[in-house]
Number of protein chains: 2
Amino acid sequence: MRYTTSEENYLKAIFHLGHGQQEAVLTSEIASNLNTTAASVTDMLKKLSEKELVSYERYRGVRVTRKGERAALDVIRRHRLWEVFLTDVLKFGWDEVHHLAEELEHVSSDELISRLDRFLGHPRFDPHGDPIPDKNGKLLAGKVRSLDGVNQGSDWVVSGVLDDATPFLQFLNRKGIRPGIRLNVIHIDPYDQSMLVAVESGREEYLSFDVTQLITVAQA
Amino acid sequence: MRYTTSEENYLKAIFHLGHGQQEAVLTSEIASNLNTTAASVTDMLKKLSEKELVSYERYRGVRVTRKGERAALDVIRRHRLWEVFLTDVLKFGWDEVHHLAEELEHVSSDELISRLDRFLGHPRFDPHGDPIPDKNGKLLAGKVRSLDGVNQGSDWVVSGVLDDATPFLQFLNRKGIRPGIRLNVIHIDPYDQSMLVAVESGREEYLSFDVTQLITVAQA
DNA sequence: TTTGTAATTTAGGCAAGTCTAATTTATATT
DNA sequence: AATATAAATTAGACTTGCCTAAATTACAAA
Ligand SMILES: [Mn+2]
Ligand SMILES: [Mn+2]
Ligand SMILES: [Mn+2]
Ligand SMILES: [Mn+2]
C-alpha cells in the first residue's frame with residue numbers, strides 16, 4: 001500500500017468534494033463525507049499536508065496537490081475497475097458493488113490492476129456511468145447534464161447516477177431505471193419540480209426533484 | 001472483516017503450525033513464522049484467548065479452538081480461491097500469487113467468495129496443489145507424500161509444494177517443475193539424499209534434499 | 001536437588017487513527 | 001468597532017498492534 005487505507009480514503013474524499021470547484025474543501029464537509037469527526041479530520045489534514053498530498057491552511061480549508069490528486073485518481077481507478085469486475089464478471093447488481101469496491105480499492109498492486117484492466121477489456125466507464133481514469137491518472141470528462149432542468153417532452157438516455165449508495169440504486173431498480181435506459185419526460189410539476197417519466201419498459205414513474213438531481217442523462 | 005487482518009494472520013499461522021501435530025504451537029514458532037517478536041505474539045495470544053479463538057496456557061504453547069480453526073479455514077479458503085483467480089483468470093505465474101492473496105484474503109464478504117467460487121467452477125485445489133476448504137470449512141486430506149524418501153527408479157506426478165514463497169517457486173520454474181508434471185527418479189545419492197530426476201520435458205535436474213522435501217508427489 | 005539457560009512473559013513505550021470536551025478563530029451582525 | 005456564533009483546532013485519552021529491555025519460568029544438566 002503506497003499510502004494507508006485511511007490516507008487513501010481521505011484523499012479520495014477531498015478530491016471528490018473539491019472536484020470542479022474553485023473553493024477549498026472544508027473540514028466539516030470531509031467529516032460528514034467520511035462519517036467521522038472534525039477533530040479526526042484536522043489530525044489527518046496535518047499528516048497529509050506534511051506529506052505534501054494536500055495544501056492546507058488552518059481554518060481556511062484544504063485542496064489536493066498534484067501529487068495528492070494523482071494518488072486519489074489511482075484509488076478511483078482501482079475502485080471503478082473492481083466495480084466493473086463485480087458486476088460484469090461476478091454478476092453482482094450495480095447496487096451491491098460500491099461497498100465491496102471500497103475494500104478492494106486498497107489492495108496495492110499495479111500489476112494486479114493492470115491485468116484486471118486487460119481482462120475486463122479496458123472498460124471506460126463503471127456500472128454507475130463514471131469514467132475510469134487511465135493508468136496515467138487521466139480522467140475523461142464525466143457525467144455532465146442531470147435530469148433536473150431538462151425540458152418537458154424531451155427524450156434521454158440515462159448515463160449514470162451521482163450517488164453510488166445501495167438504497168438509492170435499489171430505489172432506481174424498482175423503477176426500472178439504470179444506465180442505458182431511455183426516458184421520456186412526460187410532465188414536470190411547476191411547483192416542486194417533480195417529474196413524471198416514461199421508462200423504456202413502458203412504465204410511468206414519478207421522480208422527486210431530489211432524485212432527478214442525482215440521475216445524469218445524455219442525448220437520446 | 002469478522003476479525004482484524006492481524007487476528008486472521010495469527011489464526012492462520014497457528015493453524016498451519018499446529019496442523020496434524022499433537023503438541024501445542026510455541027510462541028517462538030509463531031513469531032518466526034509471522035516475522036515478528038515473541039512479545040508481540042504473547043500480546044496477541046492473550047487477545048485471541050480472550051475471544052476463545054485459541055486455548056492458551058502461559059509458557060505451555062497454544063492451539064486453535066474449534067471456533068479458531070473455523071476462522072482459519074475461512075481465511076485459507078479465501079486465500080486459495082484468490083490464488084486460483086489470479087493464475088487461471090488473470091494469468092499470473094504460480095510464483096507470483098501468494099503475496100497478493102495474502103492481501104485479498106482479508107476482504108470480508110461471504111457473498112463475494114461464494115460468487116468467486118462459482119465463477120471459477122468450484123476448484124478443489126489451488127495453484128500449489130493445496131486443497132481448498134469448502135464453504136463449511138471442510139478440508140480434504142492434503143498433500144501427503146513428499147519426493148524425499150521415494151525409491152530410486154520410480155515414477156511420479158508432482159501434486160504440489162510445501163512452500164508458496166516466490167524464490168522457491170521461481171527455482172522450480174527454472175527446472176520445469178510444477179504441479180501436474182511427471183518425474184522419473186534416476187538416482188538418489190546415498191550420502192546427502194540429493195536426487196537426479198528426469199522431468200517430463202526431457203531435461204534432467206539435480207534436486208537437493210532440502211528441495212525434495214518441499215515437493216509432493218502422487219502415483220504416476 | 002540445585003543451578004544454568006533458553007524460552008516466555010511482563011513492563012513500559014510508541015505510532016496511527018479515532019473520539020469527546022475545551023478552546024480558539026474567522027466572520028457575519030449589530 | 002465590538003460581539004456573537006458557528007466552524008475549526010487543540011488537549012487529552014483510548015485502542016490496536018507493534019517494539020525493546022527487564023523480569024520470570026520451565027526444564028535439562030550437573
Ligand atoms: Mn463506487
Ligand atoms: Mn461507481
Ligand atoms: Mn499462498
Ligand atoms: Mn497456495
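Fair warning: this is a prediction, and the values are worked out from it, not measured in the lab. Letters A, B, ... mirror the listed sequences (proteins, then strands); counts begin at 1.
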K.L.:
Please figure out whether T36(B) or K51(B) has its closest DNA chain D nucleotide nearer the 5' end.
P.N.:
K51(B)
K.L.:
Let me know the distance between CZ of R60(B) and C1' of dT9(C), rounded to the nearest Å.
P.N.:
14 Å
K.L.:
Would you say T42(A) places a side-chain N or O within less than 4.0 Å of OP1 or OP2 belonging to dT10(D)?
P.N.:
no
K.L.:
Quickly work out the I30(B) CD1 to dG17(D) P distance and round it to whole Å.
P.N.:
15 Å
K.L.:
Is the count of non-hydrogen atoms from other residues, nucleotides or ligands lying under 6.0 Å from Q21(B) atom CD greater than 12?
P.N.:
yes
K.L.:
Nearest whole angstrom, please: distance from the P of dT25(D) to the OH of Y59(B).
P.N.:
6 Å
K.L.:
In whole Å, what is the span from the CD atom of E8(B) to the P atom of dT16(D)?
P.N.:
16 Å
K.L.:
CG of N9(A) versus C1' of dG17(C): gap in Å, rounded?
P.N.:
12 Å
K.L.:
So which atom in K175(B) and which in Y206(B) form the shortest heavy-atom distance, rounded to 0.1 Å?
P.N.:
CE-O, 3.6 Å
K.L.:
Take the protein atom CG of L26(A) and the nucleotide atom P of dA26(C), then report the distance between them rounded to whole Å.
P.N.:
14 Å
K.L.:
For A39(A) and for T27(B), find the nucleotide of DNA chain C with the closest heavy atom, then tell me which residue's nucleotide is more 5'.
P.N.:
T27(B)
K.L.:
Could you tell me how far apart L48(B) (CG) and dT9(C) (C1') are, to the nearest whole angstrom?
P.N.:
16 Å
K.L.:
Within this structure, what is the CZ-to-C1' distance between R58(A) and dT25(C), rounded to whole angstrom?
P.N.:
8 Å
K.L.:
Between F85(B) and F85(A), is the gap from one ring center to the other below 6.0 Å?
P.N.:
yes
K.L.:
Does K46(B) put a side-chain nitrogen or oxygen below 4.0 Å from OP1 or OP2 of dT9(C)?
P.N.:
no
K.L.:
Kindly say if T37(A) contacts the phosphate of dT18(C), meaning a side-chain N or O under 4.0 Å from OP1 or OP2.
P.N.:
no
K.L.:
Does a salt bridge link E105(A) with K12(A), judged by any charged N lying under 4.0 Å from a carboxylate O?
P.N.:
yes
K.L.:
Do the side-chain N or O atoms of S40(B) get closer than 4.0 angstrom to the phosphate oxygens (OP1, OP2) of dG17(D)?
P.N.:
no
K.L.:
Would you say dA6(C) has OP1 or OP2 under 4.0 Å from some side-chain N or O of S28(B)?
P.N.:
no
K.L.:
Does Y3(B) place a side-chain N or O at less than 4.0 Å from the phosphate oxygens OP1/OP2 of dT16(D)?
P.N.:
no
K.L.:
Quick one: does NZ or CZ of R80(A) land under 6.0 Å from the six-membered ring centre of F125(A), within 45 degrees of the ring axis?
P.N.:
no
